[in-house]
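Below: one structure, written as structure tokens.
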Amino acid sequence: MPLVEPGATGAKTETEAVAPIKGGNPGQKRRLGLTFWLSAGWIFTLVFLALFRDILPIRDPDELGIRTREVAKFESPGRNACGGGDGQGRDMFARVVQGARPALILGLTVTIIGGILGSAVGVTSGYLRGKVDTVTTVFIDIALAFPGLVLLIAVRATFGNSMFVFIVLFSLTSIPGYARIVRGASFALSERDFVDAAAAMGATKRRIILRELAPNIALPVLSFAFIGFALVIVAEGGLAFIGLSLDETTWGKLIADGAGDIARHAHVALFPATVMFLTILAFNLVGDSMRALYSPREVATQRRLRVGAMADTGSGDEVLYIDDLFTALHTPNGDVHAVDGVSLSLKAGEALGLVGESGSGKTMILRSIVGAFALADVTRTGTVEVAGVDMLRAEPADIKRTLGTQIGMVSQNPLTALNPVRLIEHQITEPMLVHTSMSKSEARTRALELMQQVGIPAPERRLREYPHQLSGGMRQRVTIAIALANEPELLLADEPTTALDVTVQDQILRLLSDLQRDRKMAMVLVTHDLAVVKGFTDRVAIVYGGEVIESGPTEQIFSNPRHRYTVALIQSMPNLDLPSHSELTTIEGTPPSLVSPPRGCRFAARCPAAQDICNTTPPSTNEASEHWFRCHFPAGDDAEGAA
Amino acid sequence: MAGTGTAHLRHDVVLSVTELVVEFPARKKQVVHAVSGVSFDLDKGETLGIVGESGCGKTTTGRAIMQLESVTSGSIRLNGVDLAAEQGEQLRQARKAMQMIFQDPVSSLNPSRRVREIVREGIDIWGQTREGDVDAWVAEVMESVGLGDEDVADRRPHEFSGGQCQRINIARALVMEPDVLILDEPVSALDVSVQAQILNLLEGLKRQFGLTMLFISHDLSIVRYLSDRVMVMYLGQVCEIAETADLFSRPTHPYSRALLASIPGNTLGLPQASELISGELPSPLNPPSGCRFRTRCPHATDVCTSTEPELVEHEPGHWVACHHPSVNA
Amino acid sequence: MLIFVQRLGRLVFVFFVVTFVTFFLLDQAPGDPAERFAGLNATPEVIEGIRAELGLNGSLIERYLRWLGNAVRFDFGDSIVTRGFSSWDLIRESLPKTLELMVFAEIMAIGIAVPLALASARRPGSFIDKASSSTAFGLLALPAFVLGIYMSFIFGVKLGWFPTIVDNLPGLNDDPLDNLRQMFLPSLTLALNLVAVYLRLLRSDLIETLQEDYVMLAQARGLSERRIMWRHVLRPSSLNFTTAVGLNIAGLIGGAFIIEVLFAINGMGRLVIQSVILEDFNVVAAVVAILTVAYVMMNFLVDVLYSILDPRIRHAAR
């Protein structure tokens, strides 16, 4: 109920204000855009008119038209008077310019005073926490509950309604709003490691607030200040409208004057109303454009599913058949070719390890199979068949049925893989209820069965619990139970153990592997950890730069790796046979850009064996053979070449 | 596994932590027993690895030593000075000799500052801490962490990859010439190939600058590379401390054995992990009596419930806190 | 439950502070209500008598406590201006109109904002998203009295569909059609401002939830888009939205005063403004007390709703 409260605009102030750090979009220059400059231009014009209204050729706002015969009573806007005339023949344009001055003075002073004081309170309580914070939040609670109107009235009655009184009053009421925003931002910022790092360096609290927190809060606060400025204008206008504002001519007063007669002389109210609207809009737009400078860009555009020309189909007995799959993510920085011509196939009972580093495209291959990309704008071309159903071109209903009954998926982070607000029971039974004709009680019985199979103790009780009541390992077991619900033929596991502790990882991997073997499922196990693949898969495909660069039986990949990248990856695995302190093999350089991938071999820039041809010509390969690789100078050939 | 006891501590060490206890208040007047009586020491030029799974108190131990968490009881002696006895400004001064590297390399760097300012931060705070040309010293440190290029200093953190950010963090710490460097999971946020780069870098820096390091990690195979000695923790207490090679060849505490057996591949000749550990981690709000590992231990007996085991020297330099240690590998 | 008790305790504290400060501020205002009540020719003895009758004697704390004691029984003292009426009478007369306005506005706002937010978040960057986002942004720049004037001008003056002024409003039971016709423009004006707030809030929370792993997995399980939106996305995304609605309901009871002035509705807002201008402080204090109770209750209700919507909060609270 305060008069001026930034953050009441519905923006998610507290989280957004922290965004500058998250907004990691390196290289991309953020521009302010045309709307920003138009808005800034409007504000500038307004300030200019308000400042120099006495020396500019603007009519005297108090001059009555009757006297000068220049503006008639209620004259419509037009050539003679661009804002028209009011009931006394005064020039509306001149009156509106006159009203701009108090609006701007009030807005500016209140924003500066309230912004600075509120930020100081907010950053102190957000960083120091403890008692300071408790006191501040209670103060903010009270301030937000306090009827600003009553305060205004009491103060007005005691101190009069001069500009000074209004500035003090509005500043006071705007402090809690700023304090709340800045407190939230500081709170979140001080959770970040760099604040701890500064404390560990020996920085004093004062230094941490001024040097570490303040620079990161400055831009969000400035952006809110513009919105807060607009709110001051709105608040003053509202008060003026009900006759409780300054004595000066203000926009609110002009609008109130005209409002009574809008049936006959609408322009007297509409002209100042429109000026006011445009001004508030301009301030909001400037604030919003500034927020775009530090906020992470929202996911780009509409999701389109474009499908390429018909391609080959599988021979029939594969559970999964991928041929020449291309997946491109359309982003503001250009198309990311996350999957670039990948072919894979998998028979029932087979387990394939898909290994690569972060950003290699391994996860995108999985996502491309199921076509779930959150809100990203993605194009897939090529062929993906699961149990004979074309996942790119079949009828949506067929695709959905295949997803629900033939594919089970397990994702990386068990903490985010389950819906936090739904009971475990509903999450496990959902795929059965949606995709099969099972009744609720049948589904429940089956859910209990599944939970026993994945090793969840006391399943009856667990069914009635929520995900947060379970440990990470247990949640991953629940995710696996859901994946198994409709007895799928294909199990997709995306780094299923990366987020888990090592003893739990062992349990989950064994569980997955046992289930896969018992049920003769085909399984794709995506991981960054070669060691994980070793005991649990029949075949391995190494992914690098959006391509599969080597594929073969697991044993052979480890005993006879051919691609130089595979060799380096195996060597950089921590090896328990080497003594401590021995030098590790590293891969220098960084992975290639997926926006503009290199022309030749993707690994050429980091490869110790690379020659000219590697930079110009992509290596070819026979993907039909059991063990294949894309390399001009594969490892293991040296000896043969010499022989 | 209550690794209480201080018999394993040595004299004349750089850092000595004795009976460290860190507790956090929880709801309903409960207490989170994050660290419960942990003792260890660190000799000059030595690297001690602390391993354990989430909830074992390894990170809290590191943060408590840095005074980033308040210590409930116990002493932390740095170069003979008891930090627990110091307060305010004196504590800040004493702590200068320790530096810390955090897990998330990107979040550890203030996004709004340039690399130059970040690396020089210690000098800005403390003034000139060494003889000679400060700029040359900073340049030397930048060079040795592999960020010697001229243009690096003027850029901001978001222009760097995770691995490069961790190099910046390391440089910032090294500029202060710390007596002890605490590394809290410094490579777990990085890709395998970058992990190896940073580990090699740390190993090289250790030799170049004679660093004394406390290396905290959940990953045994990584701890093994850098550490001279390794300490295994479980639920806020110490299970086992030994020379790295001893621990890996003859893990003696049942939990150490389970941990080692869980490494993918299990090449150490241990039984399957599922035979060595069962059940789930108990709540630190209400840890088991006696040995804290007993609820998951295949060897647990009544004495494990009633008596907290102390660290006992099994072989020279190999300390184990267990009533039923097993050596059969 | 403990956390609810704590929270409630804090809110009760807020109530006492707000009402006391209000009481204090009103006491500071110049002018003696007893003198005014007594009229011009009253003797000092008469004024003293009236003072005692109105409960105006004694120290500030004494008077506050007395006022509080009476307020619990809905006795807020007589109106000084409208003779023969108690403050509670005046409030009882005006409150239904304000409540009606508020309920209509909230229903319209939620009815417009939720489907629009769902449609926008599902396809960020689509035409419907861009159009609704821009409209919401424009609406945010329209203060109620500006928007209200536009609405009356367009729908009242130009199109002539609805009256621009609420005049002799019949009860909702007596003549629902005329009542709705008259209340339509004020409710819509109020609603449109809320739509902007709700839409932006809900849309950004929905987009956040849509990028969660469990939504991706729900898609990968072949669930229909509608099921995913309603069952998996909407509820976890609705916490901020719930807060906004809850606090707006409390705020609207007093915050709709501009709309009430503009459309000449004799509601609580108008009552408080008139009482303020005429210095009828018993009524002002009564309105403030009721608004604060509403605020405190809505705050508490939002907390309870939170724990229903999100089991994590429910269990943390136990």
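Within every chain, numbering begins at 1; the chains are lettered A, B, ... in the order of the sequence lines, protein sequences first and strands thereafter.
Looking at A/Val434 and C/Arg221, their side chains never come closer than 4.5 Å, going by heavy atoms from C-beta outward. When side chains are defined from C-beta on, A/Arg422 counts as touching C/His232, because their heavy atoms get closer than 4.5 Å. The closest side-chain heavy-atom distance from C/Leu147 to A/Phe277 is not below 4.5 Å. Under the 4.5 Å side-chain criterion, counting only non-hydrogen atoms from C-beta, A/Ile482 is not in contact with C/Leu217.
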### Task
Starting from the C-alpha separation in whole Å, work towards a yes-or-no answer on side-chain contact (heavy atoms from CB on, under 4.5 Å) for C/Leu223 and A/Lys400.
CA-CA 7 Å; C/Leu223 305 182; A/Lys400 286 207 154 64; over 6 Å; no
### Task
Could you please spell out the steps behind the salt bridge (charged side-chain N to carboxylate O under 4.0 Å, His left out) verdict for C/Arg227 and A/Glu430?
CA-CA 10 Å; C/Arg227 190 182 179 92; A/Glu430 185 172 42; 2.7 Å; yes
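The backbone N or O of A/Val421 sits less than 3.5 Å from a side-chain atom of C/Arg235, completing a donor-acceptor pair.
Heavy atoms closer than 4.5 Å to chain C are found nowhere in A/Ala230, neither backbone nor side chain. Contact annotation for A/Asn486: neither backbone nor side-chain heavy atoms come within less than 4.5 Å of a heavy atom of chain C. A/Thr402 does not touch chain C: none of its heavy atoms, backbone or side chain, sits under 4.5 Å away. Neither the backbone nor the side chain of A/Ile399 comes within contact range of chain C; no heavy atoms are under 4.5 Å apart. Contacts of A/Arg367 with chain C are made by side-chain atoms alone, with heavy-atom separations under 4.5 Å and no backbone atom involved. Using a 4.5 Å cut-off between heavy atoms, A/His435 contacts chain C through its side chain alone, with no backbone atom that close.
Annotation for A/Leu281 and C/Gly138: closest pair CD1-CA, 4.1 Å, computed over non-hydrogen atoms. Contact detail for A/Ala269 and C/Ile149: the closest heavy-atom pair is CB-CD1, 4.0 Å. Shortest non-hydrogen contact noted between A/Asn419 and C/Arg231 is ND2-O, 3.8 Å.
Residue C/Tyr214 holds its OH atom at 13.0 Å from CG of A/Leu415, rounded to the nearest 0.5 Å.
Taking the six-membered ring for Trp and thresholds of 30 and 60 degrees, A/Phe241 and C/Phe145 have nearly parallel ring planes, at less than 30 degrees apart.
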